[in-house]
Amino acid sequence: MKHLLGLVKSDKNPKTAIVDVTGFKVHPKYLKRIKVNKSYAAQNDLNAKVGNRVRIEETRPISKTKHWKITKII
């Protein structure tokens, strides 16, 4: 199972949080590291609020867009 660390960007939907995960990618020509962000919809059973740093874990599909679950608030 995959684990990712991210920041809660939105918690407006009930039981759902949008988590923003930051990663780095290397440019193929210039070999410079570029920061890339990706958002994941995650099941929010721990009531994480906007600005919380959380750990998300891959899980079975919960809905059309939710395939992640918040496992820990850091």
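As the structure is a computational prediction, the values presented were derived from the model and not from experiment.
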Can you find a heavy atom in the side chain of Arg55 that is under 4.5 Å from one in the side chain of His3?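 Side-chain contact under 4.5 Å: yes.
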Once ring-ring contact (aromatic ring centres under 6.0 Å, His included) is applied, do any residues pair with Phe24, and if so which ones, sequence neighbours excluded? none
Residue pair Gly51 / Leu7: nearest heavy atoms and the distance that separates them: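 Between these two residues, the closest heavy atoms are O-CD1, 3.4 Å.
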Return the [atom1] to [atom2] distance between [X] and [Y], rounded to the nearest 0.5 Å.
| X | Y | atom1 | atom2 | answer |
| --- | --- | --- | --- | --- |
| Ile74 | Asn52 | CD1 | CG | 10.0 Å |
| Ser10 | Asn44 | OG | CG | 10.0 Å |
| Ser39 | Asp20 | OG | CG | 4.0 Å |

Let me have the donor-acceptor pairs involving side chains of residues 58-67, under 3.5 Å, with sequence neighbours excluded, atom names and distances please.
from	atom 1	to	atom 2	distance (Å)
Ser63	OG	Lys66	N	3.4
Lys66	NZ	Lys15	O	3.3
Lys66	NZ	Thr16	OG1	3.1
Lys66	NZ	Gln43	OE1	2.6

Leu4: hydrophobic cluster co-members (side-chain, 4.5 Å):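 Taking Ile, Leu, Val, Met, Phe, Trp and Tyr as members, Leu4 shares its hydrophobic cluster with Val8, Val19, Val21, Tyr40, Leu46, Val54, Ile56, Trp68, Ile70, Ile73.
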